[in-house]
Amino acid sequence: MGNLHGLFADESGTHDQAVGTLLAGYVAPAAVWDDLWKRICRAHINARLGEVLMEPHPHLTKPFHMTAFVTPGHEDYAHLSDGERKRLIQTLVGLIGRSRKTGFAAAVLRQEYEATLRRETKKHIRDPYFFCFQLLLQTVLWWAARSLPRGDQIQVIVEHRRGTEMRGQAAYQEMLTRHDPHGYLMPVCVFMEKKRAPQLVTADLLANCAGRFFKRPGLRMARSDDPVFYRLLTNKRLQHHWRYYDGPMLKEIEDRLIRDGYIVVKDRRL
């Protein structure tokens with residue numbers, strides 16, 4: 001029996017108006033996540049003192065949510081001073097980087113997804129969320145085959161959101177049965193809320209930062225553009241793998257699926 005690893009993942013940009021859809025998360029041994037659980041119990045952070053509490057802080061009654069945190073004037077964080085906000089995010093980023101983790105992100109531009117792919121291809125891929133879910137798992141399995149001993153397994157835990165769980169489960173089962181020859185994935189993918197799995201804060205933060213990064217022209221970023229994300233990417237304990245699909249890459253996938261017979265189209269213009 002090998003070692004158990006956890007992949008905690010979250011999504012960003014699943015609504016129709018989003019520029020892109022992505023899933024992102026971190027993989028680490030179970031012992032690393034157990035330690036993090038103790039440090040961010042219920043994801044309540046004492047921003048004023050810059051330390052993690054085992055009991056909820058009276059002024060932060062909800063699990064940390066990066067989208068709300070970066071929204072100006074959001075009611076969950078409006079009571080914090082600039083210094084308290086800075087210490088809060090520094091505490092979280094510091095916790096993520098305390099021990100070795102491998103980060104993953106898979107993203108697709110929704111406008112190019114709609115404009116590039118044929119109707120038959122979209123029917124096969126299903127939708128951007130399903131597509132990104134599988135891309136994320138493909139990248140994780142590619143990494144696992146090169147980094148983990150045979151016999152190790154990965155438990156996938158995804159933040160629960162209404163409207164996506166059934167698609168996520170379908171994407172997971174397809175990857176499990178067709179694309180996991182070494183048996184790294186556990187039989188079941190688990191969808192949970194942050195209050196039950198505060199380790200999901202790490203995925204929430206990565207997904208939000210990655211979503212903003214993929215909107216940047218030329219995918220370029222300086223430290224001053226996003227200090228939080230820059231600190232994650234430059235942490236020597238953290239390694240990140242990316243899959244980002246624009247129009248040409250989507251067309252390449254479509255051509256391969258048609259060539260391999262997975263998609264049959266009436267008009268075979270390639």
Side-chain angles (χ1 to χ4, degrees), residues 1-11 14 21-37 96 99-108 124-161 164-194 196-204 206-207 210 237-245 249 252-253 256-257 259-263:
M1 186 68 181
N3 296 316
L4 179 63
H5 305 260
L7 165 61
F8 286 86
D10 196 8
E11 65 193 43
T14 56
T21 295
L22 68 86
L23 272 86
Y26 284 103
V27 172
V32 169
W33 292 120
D34 288 344
D35 178 66
L36 191 61
W37 175 288
I96 294 173
S99 53
R100 292 197 175 277
K101 299 177 184 68
T102 306
F104 299 88
V108 60
H124 178 80
I125 293 178
R126 303 197 189 191
D127 59 66
Y129 175 81
F130 188 97
F131 182 56
C132 286
F133 202 110
Q134 292 204 328
L135 288 177
L136 180 75
L137 293 179
Q138 284 178 6
T139 311
V140 170
L141 290 172
W142 170 86
W143 166 82
R146 290 157 177 78
S147 305
L148 300 182
R150 299 292 189 267
D152 281 16
Q153 288 194 297
I154 302 171
Q155 176 66 71
V156 179
I157 301 96
V158 183
E159 180 158 5
H160 172 74
R161 299 185 191 279
T164 58
E165 180 172 347
M166 289 185 64
R167 286 178 289 160
Q169 291 286 11
Y172 185 85
Q173 288 303 316
E174 186 172 304
M175 292 299 299
L176 183 70
T177 56
R178 297 185 182 181
H179 303 285
D180 185 21
H182 303 303
Y184 284 114
L185 296 177
M186 295 287 284
V188 177
C189 176
V190 179
F191 285 75
M192 301 180 72
E193 297 179 356
K194 279 200 195 83
R196 294 182 57 205
Q199 300 96 324
L200 285 164
V201 170
T202 64
D204 171 78
L206 179 61
R237 293 191 181 95
L238 304 176
Q239 185 182 34
H240 295 89
H241 298 278
W242 310 91
R243 285 200 177 187
Y244 174 73
Y245 285 83
M249 293 186 71
E252 181 180 331
I253 288 179
R256 186 172 66 248
L257 290 171
R259 187 169 55 248
D260 293 345
Y262 289 104
I263 297 174

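We count residues from 1, following the sequence as given. This structure is a prediction, so every number in the text was calculated from the model and none was measured. Quick note: numbers below take in every heavy atom, side chains included, and nothing from hydrogens, waters or symmetry partners.
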query: Under 4.5 Å between any side-chain heavy atoms of Leu141 and His182, yes or no?
result: no
message: Run the side-chain contact (heavy atoms from CB on, under 4.5 Å) test on Glu193 and Leu200 for me, step by step, so that the C-alpha distance in whole Å, both residues' side-chain angles and the decisive distance to 0.1 Å come before the verdict.
response: CA-CA 8 Å; Glu193 297 179 356; Leu200 285 164; over 6 Å; no
- prompt: What's the spacing between Trp33 CH2 and Gln155 CD if we round to 0.5 Å?
  reply: 13.0 Å
field: More than 12 heavy atoms of other groups within 6.0 Å of Arg243 CZ
entry: yes
- prompt: Are Leu137 and His179 side-chain neighbours, meaning at least one heavy-atom pair lies under 4.5 Å?
  reply: no
field: side-chain contact (heavy atoms from CB on, under 4.5 Å) evaluation trace for Glu159 with Glu11
entry: CA-CA 8 Å; Glu159 180 158 5; Glu11 65 193 43; over 6 Å; no
message: Could you tell me if the side chain of Ile154 sits less than 4.5 Å from the side chain of Leu148, heavy atoms only?
response: yes
message: Counting C-beta onward and ignoring hydrogens, is there a side-chain heavy-atom pair between Leu185 and Tyr172 closer than 4.5 Å?
response: yes
- request: Would you give the length of the straight line joining atom CG of Asp34 to atom CD of Gln199, rounded to the nearest 0.5 angstrom?
  value: 7.5 Å
field: Donor-acceptor contact below 3.5 Å, side chain Gln169 vs main chain Val188
entry: no
- prompt: Does Arg167 reach the side chain of Arg126, with side-chain heavy atoms less than 4.5 Å apart?
  reply: no
- prompt: Nearest heavy-atom pair of Gln153 and Gly183: which atoms, and what distance?
  reply: NE2-O, 3.5 Å
- request: Grab the two heavy atoms, one from Leu136 and one from Ala9, that are nearest each other, plus how far apart they are.
  value: CD2-CB, 4.1 Å
message: How close do Trp242 and Ala210 get, counting heavy atoms only, and between which atoms?
response: CZ3-CB, 3.9 Å
- prompt: Which pair of non-hydrogen atoms, one from Met249 and one from Tyr245, has the smallest distance, and what is that distance?
  reply: CB-CD2, 3.5 Å
- request: Anything under 30° is parallel, anything over 60° is perpendicular, the rest tilted; go ahead and classify His240 against Tyr26.
  value: perpendicular
Over 12 foreign heavy atoms within 6.0 Å of CZ, Arg178: no
Side-chain touch Glu165/His160, heavy atoms, less than 4.5 angstrom: yes
query: Under 4.5 Å between any side-chain heavy atoms of His5 and Leu7, yes or no?
result: no
query: Which value, rounded to the nearest 0.5 Å, describes the distance between Leu176 atom CG and Met186 atom CE?
result: 10.5 Å
query: Atom NE2 of His241 and atom OG1 of Thr139: how far apart are they, to the nearest 0.5 Å?
result: 9.0 Å
Side-chain touch Lys194/Val201, heavy atoms, less than 4.5 angstrom: yes
query: Got a second to check how far Glu252's CD is from Leu257's CG, nearest 0.5 Å?
result: 11.0 Å
query: Within the distance-only criterion (no hydrogens, no angle test), does the side chain of Thr177 pair as donor or acceptor with the backbone N or O of Glu174 below 3.5 angstrom?
result: yes
Side-chain (Asp260) to main-chain (Tyr262) donor-acceptor, under 3.5 angstrom: no
query: At their closest point, which heavy atom of Leu23 faces which heavy atom of Cys132, and how far apart are they?
result: CD1-CB, 3.8 Å
field: Considering all heavy atoms, the nearest Val27-Phe104 contact
entry: CG2-CE1, 3.6 Å
query: Quick one: OH on Tyr184 to CG on Asp152, what's the gap to the nearest 0.5 Å?
result: 7.0 Å
- request: Decide side-chain contact (heavy atoms from CB on, under 4.5 Å) for Arg100 and Val32; before the verdict, give the C-alpha distance in whole Å, the side-chain angles of both, and the deciding distance to 0.1 Å.
  value: CA-CA 8 Å; Arg100 292 197 175 277; Val32 169; over 6 Å; no
